[in-house]
Amino acid sequence: MTRQTRIALWGLLVPLAILALWQVAAMLQRTPLFPGPGKVALAIWANYPVILRELGITLLRAVVGFGLAAVTMIPLGIFLGRVRVIGRVLEPLMDMLATLPPPAIIPLVMLFAGTGDGAKVVIIAYAAAVPLLMNTYEASHSIHPMLSRVARSLHLSRFETMRLIDLPSSLPMIATGARLAIASSLLVSVTSEMLLATNGIGTFLQRSQETFKIDAGLAGIAFISLAGIIVNAGVFRLEKNWLFWHYRDQRPAE
Amino acid sequence: MIPGIAVLAEKFRVPICIALVLGVWQIVFVLGVVNEKYFPSIPTIAVAFGQMLTDGSVIAAWATTFLRALIGLIGAALLGVALAIVSDLSPILSRGIRYVSDVLQPIPPAAFVPMAVFMLGLGSKLYAFVIILVTVWPPYLNGVAALAGVGPVQLNTGRMFGLTNWGLLWRVKLPAALPEIFTGIRYAATISLIAVIVSEMLAGRDGIGFMIFKKAFAMRTPEVFGLMFLVAINGVLLNGLVNLLRRGLTGWHMRMMERSE
Amino acid sequence: AEDAKLTVAYFLADSMLPALYAQEKGYFTEAGLDAEFIAVQGGPAVVSAVAAGEADVGYAAPVPPINGRLNGVPVKMFLQLSQEVAPDKTYTWLVASGASGIKDLAGVKGKKIGFNANGGLCELMWRDHLATVGLTMDDVETVVLPFPEQEAALEQGNLDATCTINPFHASMGGNANLGAVEIATGTLADLSTPLMNDALFASEDWLAANGETAIKLAQVMDRARKELLADRTALEGAAVQFMELTPEAAKSFSLPIVNESMVITAADVQRILDAMVKTGMHPGPLDGAEFVSELKY
Amino acid sequence: MTGILTASDVGKSYGSGDTRMAIIDGLNLSIAKGEFVSLVGPSGCGKTTLLMCLSGLLSPNLGKVGFKGQVVTAPPIGLSVVFQDYSRSLLPWKTNLDNVLFGMRRVTGMDAAQKKARALEILEAVGLPGFAGHYPWQVSGGMQQRVAIARGIASQSELLLLDEPLAAVDAQTRADMQDLLLDLAKRFDQTCVLVTHDVEEAVYMADRVLVLGPRPTRVVREIVVDLPKPRDQISTREAPAFLHARHEVMELIRSMRQGKALS
Amino acid sequence: MTGILTASDVGKSYGSGDTRMAIIDGLNLSIAKGEFVSLVGPSGCGKTTLLMCLSGLLSPNLGKVGFKGQVVTAPPIGLSVVFQDYSRSLLPWKTNLDNVLFGMRRVTGMDAAQKKARALEILEAVGLPGFAGHYPWQVSGGMQQRVAIARGIASQSELLLLDEPLAAVDAQTRADMQDLLLDLAKRFDQTCVLVTHDVEEAVYMADRVLVLGPRPTRVVREIVVDLPKPRDQISTREAPAFLHARHEVMELIRSMRQGKALS
Ligand SMILES: Nc1ncnc2c1ncn2[C@@H]1O[C@H](COP(=O)(O)OP(=O)(O)OP(=O)(O)O)[C@@H](O)[C@H]1O
Ligand SMILES: Nc1ncnc2c1ncn2[C@@H]1O[C@H](COP(=O)(O)OP(=O)(O)OP(=O)(O)O)[C@@H](O)[C@H]1O
Ligand SMILES: [Mg+2]
Ligand SMILES: [Mg+2]
């Protein structure tokens with residue numbers, strides 16, 4: 001067994017401990033409104049065909065929303081970080097827009113985009129945009145001045161500098177932003193389905209809660225979490241492949 | 001000339017940004033894309049907001065919400081950084097915490113509320129739970145990445161001068177990682193406000209979230225938007241506080257970055 | 001003796017106004033109750049709060065507590081605050097937008113309909129009315145949307161028809177752009193006799209141990225209702241204060257009260273249960289007596 | 001003034017108000033096309049700052065810098081810098097080869113394959129065959145410095161500004177690199193400005209040595225090195241003119257000493 | 001073996017599998033208490049890697065390092081390193097003074113005020129009076145390097161490992177710093193290991209010069225410098241024993257040349 005797998009396996013103890021605590025708490029409560037992991041597992045078994053169908057819808061929207069945010073916000077963040085004056089002046093704007101709670105902007109978005117997929121994707125993209133923009137902006141804002149000098153002395157145009165210097169050196173922090181953005185696009189995908197319910201896991205959860213089948217709702221959510229785990233594992237892989245220069249550079253060579 | 005304008009613009013950036021938002025809003029209004037009933041003009045909103053101000057209820061609600069968000073942010077930031085530190089010290093716990101964060105992060109707080117009510121009631125504990133649950137992740141994730149990214153020469157320097165793992169963390173890694181951690185805290189500041197508003201909507205008796213909820217039910221749209229603008233301003237305020245702290249703790253970094261032309 | 005504690009979780013609706021008014025006036029304290037009111041989003045959340053013991057008493061439409069009990073949450077209803085009866089005392093409406101082209105219930109087929117929550121009164125209402133023209137929920141597309149957002153959704157064409165209550169219904173009526181068409185009214189199609197429209201409920205254990213408190217609660221509510229019904233100025237003031245109505249809107253506000261008595265009988269609930277079974281919301285059979293704790297105050 | 005690179009009455013300071021510190025004050029220089037000029041001066045006197053001003057990376061507070069008759073406000077095309085802080089100036093996400101290729105972005109008249117071949121050739125010339133695929137953080141300090149030089153050379157600029165480019169390499173490699181730089185400069189008619197702390201190196205490489213004074217700095221002495229080119233590591237260093245120039249520079253620098261013994 | 005610092009059969013490689021590269025192979029050395037030893041060797045041969053192994057910051061794959069009779073597995077107390085990558089080894093969030101004070105963390109027998117006074121004294125000795133309150137990124141490369149040396153000196157370690165500590169300072173400052181280091185080593189009976197590319201410096205400073213071979217490196221020659229101490233910048237450098245040792249080291253390094261001319 002390699003060191004990595006050992007760490008992975010021992011690490012599993014943490015979530016298992018939490019599951020155990022949850023199970024104990026559920027057994028103490030004895031009400032269908034507080035199901036334990038066991039009940040949720042049974043509910044997964046009972047509901048998985050429906051869940052899988054709804055899950056696809058939820059995920060698709062999350063992916064589209066995230067993608068939209070990524071292709072717009074990473075370039076924008078780099079632009080604002082590099083063209084410092086504009087970035088500094090617009091900082092409060094970022095804070096203002098970032099603070100609006102999705103439940104409060106949903107009615108507003110609905111006015112322009114309706115209640116269908118369009119509206120939900122817009123809201124998801126909005127939620128994913130914030131961490132991506134902030135991390136990209138801060139990263140490109142704090143690139144070591146030496147690299148800017150290299151770029152200028154090699155006569156890179158502004159655009160080339162952003163693409164060839166700012167983007168790669170910001171990647172480690174963008175990756176963190178992307179992790180946050182992935183989580184929040186899944187979360188908001190579900191939330192938007194709960195608030196503008198038509199279909200998807202959020203609607204399934206909402207309906208389950210309203211008819212007091214909490215375990216079924218959580219079963220649906222468990223799948224969202226699973227999707228989160230899988231996507232994050234993928235991001236981890238990408239980080240290893242693309243950012244080794246950042247992390248290997250840093251670690252004392254063994 | 002140009003630098004003069006830039007300096008001036010930076011000095012008045014908050015009013016500029018507010019004017020920008022209001023301006024765009026008003027333009028959309030004038031274009032008449034949607035019924036004024038759902039999308040009122042800025043003057044209408046201002047008048048409605050002014051009326052709310054005069055009866056004083058807004059101030060109290062604002063104070064409640066802002067205080068909650070601030071306390072939530074402090075709690076979440078401390079917890080998030082603590083988790084990052086623990087992760088840095090132990091690879092096993094690091095992995096374990098990452099599993100938990102991967103699982104919990106995408107779950108909307110509303111999914112927990114029916115259950116959380118059993119453990120935490122409808123009061124401040126429920127709020128704290130919801131706020132912490134969504135707000136810890138940015139400081140935690142930025143913290144983990146930043147601590148892992150501290151350079152080998154700096155680490156070696158610390159080790160050389162007799163720092164233990166703990167001392168290394170405290171005196172080298174944490175200061176070096178702080179600028180990046182603050183990016184997480186900044187994002188957390190905005191989320192914490194969102195979380196407070198959402199929990200006030202979920203089970204409320206006071207605060208801006210509850211007020212928005214009630215006004216919406218009474219179809220007082222201008223007031224609802226007025227309150228939303230207030231929330232937005234809160235974001236700037238809260239961030240101003242974060243920036244003060246940040247300047248104190250990582251001022252060196254800000255000045256180092258300003259050096260290049 | 002010390003005041004008895006009483007926590008009430010409620011879903012904001014106009015028939016709760018007397019309770020909030022009584023709280024403001026100190027009637028609960030006078031009656032020896034230390035009452036607290038917490039607004040919760042949606043009936044099911046009210047049931048959760050009661051089941052968790054976080055609230056002693058809950059206020060919601062009848063369907064959430066019914067559903068709760070059916071799913072193992074031992075609550076019973078003990079007071080009703082409002083009723084509907086044909087022809088003029090109805091407080092729920094099905095409204096279509098002019099642009100949708102819907103003229104009557106039959107026209108809803110294949111359209112997008114809205115209601116505020118699954119498993120609530122609105123769902124029952126749609127099901128019951130659609131059944132009169134031979135339609136089921138499979139014949140329509142549904143969107144769950146909070147009441148305040150429905151009017152805009154109708155006007156923007158995101159919804160064709162929806163289930164609504166006041167003040168939203170009144171607002172839709174006054175919106176010329178919308179060209180609202182009223183296609184039905186009343187929770188059930190048959191409203192020849194008064195139908196309970198909401199309920200105060202509590203867990204069986206609480207009711208067994210706190211009969212006294214429940215009676216005091218009823219008495220205070222009764223006092224406040226009577227006072228508000230008698231005093232128009234007080235009513236409008238309360239509507240502005242607790243429901244955030246504008247003073248103009250408050251002028252046309254009235255409490256949705258049909259029966260003076262708030263007592264619930266098994267028969268009251270049975271009507272709703274039968275409708276639920278008939279429209280396929282529950283397989284049945286269901287016995288109304290199970291759900292009620294009759295309270296004499 | 002004529003010359004490919006000129007500085008007239010250049011002044012530069014850091015900070016403002018109380019913390020303002022003048023670094024360069026009334027500095028003039030003119031460098032002719034094809035000339036090799038060495039700059040020496042005490043540590044911290046402002047050499048790096050001067051190179052930044054000459055390259056257009058910093059703008060002086062006073063005076064003007066001209067390159068090919070044009071006032072320099074941003075780094076002009078045809079000018080390259082090899083930075084003193086070599087380890088930070090290499091891009092850690094690019095291999096050494098890609099770092100060198102990065103310096104060739106503005107080179108015209110070669111296709112990608114030719115550029116690559118050329119870059120490999122240069123890497124070999126600086127003594128790094130077999131390290132093209134390594135990342136900068138995988139090689140030693142002296143090797144990094146040579147990658148940075150390779151990048152500067154590869155850019156084929158008319159004017160090369162070198163800031164202590166050989167500080168971290170061993171004596172023999174250093175000699176080889178010196179000859180390499182001289183050879184290339186001659187072959188491509190390149191103008192070079194070299195900052196170095198090694199007085200022998202300064203003299204060996206240069207047609208002219210400019211000695212800078214302590215902060216705020218300006219040119220305090222110009223020493224023309226009257227030695228034929230090409231130079232030779234052994235015979236040149238033994239020539240009287242070399243020894244004479246070396247001595248003169250040494251003396252000057254000694255007279256500007258700072259520091260004092262620890263009691 | 002005896003000696004305050006010993007390395008026996010040390011081997012170290014980077015990477016694994018196909019990309020495995022041996023850096024040090026079967027290296028032995030022993031350094032006596034109070035001795036000043038210079039290490040020279042071609043760029044990239046493994047000097048920095050060796051110092052890391054000697055200081056316990058890297059663990060060798062093979063063999064053992066001993067400090068005061070104990071096997072080194074982590075940086076031992078009483079040993080300090082001045083790193084080659086000075087600009088990164090200074091903590092950017094601390095002022096120069098605080099960086100030096102950081103080096104005094106383990107110094108006992110002084111209270112905070114005394115430490116501060118001592119640190120200021122050392123900063124002045126390295127020629128940086130008036131820069132105590134500056135941050136490392138506000139001073140020039142050579143000044144940074146001197147802050148790093150000041151920090152090393154301030155630690156009052158028995159054994160000081162110096163990795164090209166004077167590469168970025170001018171000739172005069174360099175001479176002053178050399179004498180300062182020699183003086184301190186003598187006064188506090190300090191043992192020093194100095195990596196340098198300046199052969200003159202290596203000889204001038206050392207009781208013994210160890211010449212390292214190309215990668216994978218080991219000690220290929222040991223040259224005892226038979227010159228009295230204290231040394232003198234003028235007379236020592238003119239002494240025949242000096243010139244002889246210098247010549248021998250030069251020759252050795254020349255014979256290990258890498259690189260070749262650019263065609
Ligand atoms: N992280 C690493 N991964 C792989 N190889 C490395 C790494 N660090 C150093 N090396 C290799 O180890 C060898 C020795 O490096 P080291 O830094 O010890 O050399 P050095 O003798 O100090 O050279 P210089 O005089 O240039 O500083 C180099 O050839 C380099 O390629
Ligand atoms: N960002 C800064 N803020 C304030 N002062 C600075 C800054 N950068 C450099 N200086 C000051 O400018 C002076 C000149 O620095 P510069 O780097 O040009 O010196 P140098 O001649 O290149 O020295 P060295 O030979 O040590 O590299 C130094 O005294 C330094 O303190
Ligand atoms: Mg310099
Ligand atoms: Mg080295």
Side-chain angles (χ1 to χ4, degrees), chain B residues 81 84-85 88-91 142-143 145-185 242-261, chain E residues 14 48-49 51-59 72-96 98-108 133-139 144 147-148 151-157 159-163:
Chain B
V81 174
I85 286 176
D88 192 70
L89 291 175
S90 152
N142 272 295
L147 289 174
V150 178
V153 184
Q154 276 174 9
L155 293 182
N156 277 343
T157 301
R159 291 214 279 154
M160 201 62 255
F161 291 107
L163 294 178
T164 55
N165 276 350
W166 183 247
L168 201 60
L169 184 91
W170 202 239
R171 287 166 174 277
V172 177
K173 285 189 181 177
L174 217 46
L178 222 43
E180 193 173 335
I181 290 179
F182 263 102
T183 307
I185 294 181
V242 170
N243 265 332
L244 274 184
L245 186 68
R246 184 182 190 167
R247 191 147 308 170
L249 291 175
T250 70
W252 64 271
H253 186 254
M254 294 177 148
R255 272 184 287 154
M256 188 169 118
M257 288 308 146
E258 275 160 20
R259 170 168 68 121
S260 70
E261 292 195 13
Chain E
Y14 283 121
T48 299
T49 309
L51 281 202
M52 294 297 114
C53 290
L54 293 179
S55 63
L57 287 167
L58 272 185
S59 38
V72 171
T73 51
I77 296 191
L79 182 159
S80 285
V81 185
V82 174
F83 295 93
Q84 180 176 17
D85 199 351
Y86 53 88
S87 84
R88 285 192 221 239
S89 90
L90 296 174
L91 305 179
W93 56 90
K94 287 185 186 282
T95 60
N96 292 336
D98 286 335
N99 265 291
V100 175
L101 283 171
F102 187 73
M104 300 176 78
R105 298 189 59 254
R106 281 181 170 178
V107 173
T108 50
H134 284 61
Y135 286 88
W137 37 270
Q138 286 180 321
V139 300
Q144 286 171 23
V147 176
R151 186 174 64 185
I153 291 175
S155 72
Q156 303 193 347
S157 303
L159 175 62
L160 208 52
L161 305 179
L162 303 141
D163 199 354

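The model shown is predicted, which means the values in this text are computed figures rather than measured ones. Here is how names work: the chains are called A, B, and so on, in the same order as the sequence lines, proteins then strands, and each is numbered from 1.
To the nearest 0.5 Å, atoms CG (L178(B)) and CH2 (W93(E)) are separated by 9.5 Å. Residue L58(E) holds its CG atom at 7.0 Å from CG of N156(B), rounded to the nearest 0.5 Å.
Only the side chain of M52(E) comes within less than 4.5 Å of a heavy atom of chain B; its backbone N, CA, C and O stay farther away. Of the atoms belonging to S155(E), it is side-chain heavy atoms, and not backbone ones, that fall under 4.5 Å from chain B.
N99(E) is linked by a side chain to side chain donor-acceptor pair (under 3.5 Å) to nothing, counting only residues two or more places apart in sequence or in another chain. With sequence neighbours excluded, the residues that form a ring-ring contact (aromatic ring centres under 6.0 Å, His included) with H134(E) are F131(E).
Between the side chain of R159(B) and the backbone N or O of L57(E) there is at least one donor-acceptor pair closer than 3.5 Å.
Heavy atoms only, all atoms of each residue included: R151(E) and F161(B) are closest at NE-CE1, 3.4 Å. Closest non-hydrogen pair, M160(B) versus L79(E), comes out as CE-O, 3.2 Å. When all heavy atoms of Y135(E) and W252(B) are compared, the closest pair comes out as CE2-CB, 4.0 Å.
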Donor-acceptor pairs under 3.5 angstrom involving side-chain atoms of residues 244-251 of chain B: please list them, not counting sequence neighbours.
from    : atom 1 : to      : atom 2 : distance (Å)
R246(B) : NH2    : E138(A) : OE1    : 2.6
R246(B) : NH2    : E138(A) : OE2    : 3.3
T250(B) : OG1    : R246(B) : O      : 2.9

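Interface with chain E: from residues 163-174 of chain B, residues L163(B), R171(B), V172(B) qualify, criterion being any non-hydrogen pair under 4.5 Å.
Heavy-atom pairs under 4.5 Å with chain B were tallied for S80(E), A74(E), P76(E); the largest tally goes to S80(E).
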